[in-house]
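The analysis underlying the following values was restricted to heavy atoms, covering all of them including side chains, and did not include hydrogens, waters or symmetry mates. All chains are named by letter (A, B, ...) in the order of the sequence lines, taking the proteins before the strands, and each is independently numbered beginning at 1.
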Number of protein chains: 2
Amino acid sequence: MSKSQLDEVIHSFLVEMKRGTMTIIVLTQLQTKQYGYSLLTVLEKKKTGIEAGTLYPLLRRLEKQGLLQSEWDTSESRPRKFYQLSDLGKEVLERIKKEWDLLSNQMDHFLGEVL
Amino acid sequence: MSKSQLDEVIHSFLVEMKRGTMTIIVLTQLQTKQYGYSLLTVLEKKKTGIEAGTLYPLLRRLEKQGLLQSEWDTSESRPRKFYQLSDLGKEVLERIKKEWDLLSNQMDHFLGEVL
DNA sequence: TTACTATAGTGTATGTCGTACACTATTGTC
DNA sequence: GACAATAGTGTACGACATACACTATAGTAA
């Protein structure tokens, strides 16, 4: 089979894996207050592969779900929207950490069977 | 905030996390030949939470993608559809194992920052 | 013999979220 | 003045797990 078919399947797999993990990553980074563009550069440096077109809608979605709260800072020359975990967001992050550990152990169990 | 709101968010998160991980699990289990209903009971015992309505379409989708191959066994009283990894499937599983390790390490890094 | 469960599978609409753009605005730098 | 960097909004699309409906029949118990 072709190399590109393999790469295509792997790429699709990675896209699907990001569903869920993107939320985890963003929640961990917003335990302390941070604005969108700053978070974007941090996540780019950490090689998450996230783009602006993905991050900003995700921030808004998480805020809509009540996990984040935001406030505008217009004191600088450029207005910036700062985000931070809400109380619900903090609880969700605690639970997600536990769920991730369970899932990760399960995946390690299954992948331990790979010949 | 309500307990059920927290549970709802966690549930949604787990659903998203299954995208991707379900494929991994099924591929690991079909390194050796197995039929659908048997695989279903194995995965139920291993607490993956997968249902028949999810597994059978996934098996067909993976076969369509060329990762699995199947053959009918009609020698028993009941016809059974056996599945097994294709050559592409084996390569994909090797690559996915590596990608999972990278992703898992990255998640552990981020979750290590949880206060 | 009948009724029910277990065994085995097919088909499909829906909701969710990352992707991939288009778009806007303006500050800062050369 | 032109361009890049800084900062953000809006939205259509594709992929996949979910959640059913549906089919068929062998095996078991009464």
What pair of heavy atoms forms the shortest contact from [X] to [Y], and how long is it?
X	Y	result
A/Phe13	B/Gly20	CE1-O, 3.7 Å
B/Glu91	A/Leu6	OE1-CD2, 3.5 Å
B/Met22	B/Ile50	SD-CD1, 3.5 Å

Using OP1 and OP2 only, check whether a side-chain N or O of [X] sits under 4.0 Å from [N].
X	N	value
B/Lys18	D/dT18	yes
B/Thr54	D/dA19	no
B/Gln65	D/dC16	yes

Between the protein and nucleotides 3-9 of chain C, which nitrogen or oxygen pairs come in under 3.5 angstrom?
residue, atom, partner, partner atom, Å
C/dT7, OP2, B/Tyr37, OH, 2.8
C/dT7, O2, B/Arg78, NH1, 3.0
C/dA8, OP1, B/Arg80, NE, 2.9
C/dA8, OP1, B/Arg80, NH2, 2.9
C/dA8, OP2, B/Tyr35, OH, 3.2
C/dG9, OP1, B/Lys81, N, 2.4
C/dG9, OP1, B/Lys81, O, 3.3
C/dG9, OP2, B/Gly36, N, 3.2
C/dG9, OP2, B/Tyr37, N, 2.6
C/dG9, OP2, B/Tyr56, OH, 3.3

May I have the distance from [X] (atom [atom1]) to [N] (atom [atom2]), rounded to whole angstrom?
X	N	atom1	atom2	value
A/Arg61	D/dG10	CZ	C1'	13 Å
B/Phe13	D/dT18	CZ	P	14 Å
A/Met17	D/dA15	CE	C1'	14 Å
B/Leu58	D/dA15	CG	P	15 Å
A/Ile50	D/dA7	CD1	C1'	16 Å
A/His11	C/dG18	NE2	P	14 Å
A/Met22	C/dT16	CE	C1'	16 Å
A/Glu63	C/dC17	CD	P	16 Å

Taken to the nearest 0.5 Å, the spacing of B/Leu14 CG from A/Arg95 CZ works out to 8.0 Å
d(B/Asp101 CG, B/Gln106 CD) to nearest 0.5 Å is 13.0 Å
Looking only at D/dG14, D/dA26, C/dG15, the nucleotide nearest the B/Ser77 side chain is D/dA26
Point to revise | Check: A/Gln69/A/Ser86 side-chain N/O donor and acceptor closer than 3.5 Å | key: no
Side-chain donor-acceptor contact under 3.5 Å, B/Gln29 with A/Glu113: yes
